[in-house]
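First up is the structure itself, then whatever we jot down about it.
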Protein chains: 2
Amino acid sequence: MNNKSRQRRSTQRVTMSDVAKLADVSASTVSLYLRKPDEVSGPLGQRIQSAINTLGYVPNLMAGALAAARTRVIGVVVPSMLNAIFASTVNTMQKALGAQGYQLLLGHSDYAEAEEEAVVRTFLSWSPSAMVLTGLSHSRETRRMLSNSDVPVIEMWELGSNPLDTLVGFSHLDVGRAQARHLVDAGCQRIAFIGTRLNVDERAKQRCAGSEAALMDLLGKRHTRVIDCGPGRMAEAANHAFADLLSSHPDTDGIIFGNDMLALGALGEAQRRGIRIPDDIAMIGFGDMDFSNCTLPPLSTIRPPREEIGNVVAQCVLQRVQGHTQETCLDLGFELLSRASSLRH
Amino acid sequence: MNNKSRQRRSTQRVTMSDVAKLADVSASTVSLYLRKPDEVSGPLGQRIQSAINTLGYVPNLMAGALAAARTRVIGVVVPSMLNAIFASTVNTMQKALGAQGYQLLLGHSDYAEAEEEAVVRTFLSWSPSAMVLTGLSHSRETRRMLSNSDVPVIEMWELGSNPLDTLVGFSHLDVGRAQARHLVDAGCQRIAFIGTRLNVDERAKQRCAGSEAALMDLLGKRHTRVIDCGPGRMAEAANHAFADLLSSHPDTDGIIFGNDMLALGALGEAQRRGIRIPDDIAMIGFGDMDFSNCTLPPLSTIRPPREEIGNVVAQCVLQRVQGHTQETCLDLGFELLSRASSLRH
DNA sequence: CAGTTTTTTCGCAGCGCTACGAGCTTAACG
DNA sequence: CGTTAAGCTCGTAGCGCTGCGAAAAAACTG
């Protein structure tokens, strides 16, 4: 017999059985009370609660999760937390799911499938209740891990074929088409595209492709030019891109931007050069950021369903967690906000 | 003897002992290999690794955390994820700590101590390796839980007395003073303040108080007016605040903004009204956001050490986790970027 | 009031992993 | 060639909680 009790407990943490002892009940009852208070009789419940209070008991989620083989954790992966557009979706999800007692584990992929794979791998080892990913492009290994895991998966912010499971988003192709049509309707004939990360951001790419397709349809020609600014301080990058565009295609009369920050940068540069917006050049952005209605002139843009996506994803998560096995595909649409930057006289 | 084996395992999850069996070693060795690969001999390590690969083994963090009584989780609480300024700090921390195998659990307090308390309570039941909070104002219960928990605590983005433990930030009072001095140096005499959430955002309040103090010192008078825009779409709110200010104090010749988004809104409105910036009114913001150098005119502002805070906090966390019990208090300073919006002729 | 049903409480066997000490090899040394 | 040291590997005892089935208590029956 090995009698030297191997002391492993470092901290004298208050455990459930401490509470049980004080309340003079069994640990099972405390556990039950914590999980389903109604199934414990009134007086006992009160005894337990007061024991919890006096001891300052904090349940150990790890132990619970291990025993129950489930956590109340939702893994969420967005391309970048620096992008205000995703912040707002995540914020909404946080509110909706937090209210139901779920924790969000937030990670970012930096627009790279390999990064995403690493994050998903880590998150899965928390055995989350669900996973929420951005977009439909994932590495083969990511897809494999996810489908092996029997964790509900929700993809958001995009529409397309072969979703892993549930899909909540809108069509970026349609956004591009709408942007192009809008400028053409405003009388533009030579339309350029200024975006960022077109090489890695699948959704940006789709918007660009959508506008290109629409331009072919409507005008029978492509973008006069497509400029990719790369990441970084976008407003500044757009300054240069715009200047560059003006020198290579001085007859440009419309620009579609990958996002509103780029448009803001170009707007400033235009004003500095005395180019009149929208009369010389009409502009439309994407994102409807905080400032988009306050630029000079106010910026026409696309408002993606940021908060709506967050809310709908949260609903889907809750349904899936409760076992409703409906794999859906929800198109939340978007809104084109026509403002002065594209209102030509 | 209870012979009916109580099947509890729902999913046939691959466990460490499955790997051990396939690699023909003991589970302990697999565990050791996973934690300290160098302490396992080469050939055995390879056998184990290939077993892991063929089985697609994903470790169960819950079990590990329970056994080791620690997680590799860092709880981070910021006021709001919508605020780009915090996003950038969190992003940096994520990068630095993620590289060391730590997970960030991100929560927000919505600028309310009660919310913060709830988040901290939840996070603590994850027994995190460390907690990172924003600011120094916490509810009494929050402080109690934290100090009872023996989890290292780092407060960031602020400087002050009575930190819980370690403190990394800069002085918002000094920021306010610097803003005021800058405008006074530029020749302003009647300076107003336009901010948001002054009632709840302790740091915004401090900046306002700092500029007020400096104005008293330098000009012997206070802000001509302090406007609190409230939350929401800030750029738009600033439009109105600015208009309001102009009608009540048409002789205003300098404005200090609580953040750059507010300044952007006012800048637009000023231009619309034909008010020349900086000649009629000089402006300075706070935050140095992406667009601040591209407004018209470029916006003078304060660059807080966003990324620096993230990095330093990450370093502190790592040190504290490794047992270095140095409770420090680091002032990271800030930078005043003098641009055209405050450069009077 | 004995017999039956319903409600409440309890005991126990894990969940999958880590830490510790012991056992086994192999290398190094006098 | 025996002895000691060093390097690897393995067995075992939990970590704190949950969920099952069973026991105990309470509430109904006729």
Side-chain angles (χ1 to χ4, degrees), chain A residues 1-21 23-48 51-52 55 57-72 124-127, chain B residues 1-21 23-48 51-52 55 57-72 124-127:
Chain A
M1 284 291 144
N2 178 356
N3 264 18
K4 10 173 176 168
S5 69
R6 294 217 233 124
Q7 281 300 31
R8 282 240 263 135
R9 261 181 67 189
S10 45
T11 54
Q12 280 320 77
R13 176 174 189 145
V14 179
T15 75
M16 190 176 267
S17 63
D18 293 329
V19 175
K21 216 164 293 166
D24 194 31
V25 295
S26 78
S28 314
T29 309
V30 177
S31 171
L32 188 64
Y33 171 72
L34 255 20
R35 284 172 296 124
K36 303 168 184 170
D38 324 323
E39 298 189 15
V40 171
S41 66
L44 248 196
Q46 289 177 9
R47 277 223 313 278
I48 295 174
I52 289 177
L55 292 176
Y57 169 67
V58 178
N60 183 329
L61 286 188
M62 303 304 147
L66 178 59
R70 67 192 163 71
T71 58
R72 293 178 77 78
L124 279 182
S125 52
W126 286 100
S127 38
Chain B
M1 283 293 145
N2 177 357
N3 264 16
K4 6 171 179 170
S5 68
R6 295 219 233 122
Q7 283 297 33
R8 284 240 266 134
R9 257 173 81 180
S10 44
T11 53
Q12 282 318 76
R13 177 176 188 143
V14 179
T15 75
M16 190 177 265
S17 64
D18 293 330
V19 175
K21 215 164 294 166
D24 194 30
V25 295
S26 78
S28 314
T29 309
V30 178
S31 171
L32 187 64
Y33 170 72
L34 255 20
R35 284 173 296 125
K36 303 168 184 171
D38 323 323
E39 298 189 13
V40 171
S41 68
L44 247 198
Q46 287 177 9
R47 275 223 315 277
I48 294 174
I52 288 177
L55 291 177
Y57 168 65
V58 178
N60 182 329
L61 287 188
M62 305 301 150
L66 179 59
R70 68 191 164 71
T71 57
R72 294 176 78 78
L124 279 183
S125 51
W126 285 94
S127 35

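Just so it is clear: chains get the letters A, B, ... in the order the sequence lines come, proteins before strands, and each one is counted from 1.
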Atom pairs under 3.5 Å, N or O on each side, protein against nucleotides 26-28 of chain D: can you list them with distances?
none

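Between B:L61 and B:T71, the closest side-chain pair of non-hydrogen atoms is not below 4.5 Å. Side-chain contact between A:I48 and A:V25: present, with at least one pair of heavy atoms (C-beta onward) separated by less than 4.5 Å. Residues B:M16 and B:S31 form a side-chain contact, since some pair of their non-hydrogen atoms from C-beta on lies under 4.5 Å apart.
As a whole-Å value, the separation of B:M16 CE from D:dC10 C1' is 14 Å. Rounded to a whole Å, the CG atom of A:L44 is 12 Å from the C1' atom of D:dA25. At whole-Å resolution of the value, CG in A:D24 and C1' in C:dT9 are 12 Å apart. Atom-to-atom, CZ of B:R72 to P of C:dT18 comes out at 12 Å; the value is rounded to the nearest Å.
The two residues A:V19 and A:V14 make their nearest non-hydrogen contact at CG2-CG1, 4.5 Å. Taking every heavy atom of both residues into account, A:L66 and B:A63 meet most closely at CD1-CB, 3.7 Å. The minimum heavy-atom distance linking A:R47 with A:A23 is given by the pair NE-O, 2.9 Å.
Listed pair B:S31 / C:dT18 meets the phosphate criterion, a side-chain N or O lying under 4.0 Å from OP1 or OP2. Contact annotation: A:Y57 reaches the phosphate of D:dC17 (side-chain N/O to OP1 or OP2, under 4.0 Å).
Interface residues of residues 33-42 of chain B facing DNA chain C, ordered by number: B:R35; criterion, heavy-atom separation under 4.0 Å.
Residue A:A27 is the one, among A:A27 and B:S17, whose nearest nucleotide of DNA chain C lies closer to the 5' end (criterion: closest heavy atom). Annotation: of the two residues near DNA chain D, B:L66 and B:T29, the 5′-most nearest-nucleotide partner is B:T29.
With values rounded to the nearest 0.5 angstrom, A:W126 atom CH2 is found 9.5 Å from B:N60 atom CG.
Rounded to 10 degrees, the angle separating the terminal axes of the helix from C:dC1-D:dG30 to C:dG30-D:dC1 is 30°, with each axis obtained from five end pairs.
Taking 3.5 Å as the limit, the base of D:dG11 and the side chain of B:S26 contain no donor-acceptor pair of atoms between them.
For A:A63, whose side chain is taken as the heavy atoms from C-beta onward, the closest listed nucleotide among D:dT18, C:dG16, D:dG16 is D:dG16. Closest contact between the side chain of A:N60 and the listed nucleotides D:dG16, C:dC10, C:dT9 involves D:dG16. Closest contact between the side chain of A:S28 and the listed nucleotides C:dT9, C:dC17, C:dG11 involves C:dG11.
Although no hydrogens or angles enter the test, the distance criterion places no donor-acceptor pair under 3.5 Å between the side chain of B:S125 and the main chain of A:V58.
Looking at heavy-atom distances under 4.0 Å, B:L32 makes contact with a base.
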Assess whether side chain to side chain contact (heavy atoms under 4.5 Å, CB included) is satisfied between B:Y57 and B:L34, documenting all intermediate values. CA-CA 11 Å; B:Y57 168 65; B:L34 255 20; 3.8 Å; yes

Step by step, work out the side chain to side chain donor-acceptor pair (under 3.5 Å) result for A:T29 and A:S26. CA-CA 5 Å; A:T29 309; A:S26 78; 3.1 Å; yes

Apply side chain to side chain contact (heavy atoms under 4.5 Å, CB included) to the pair B:K21 and B:D24, showing each step before the final yes or no. CA-CA 5 Å; B:K21 215 164 294 166; B:D24 194 30; over 6 Å; no

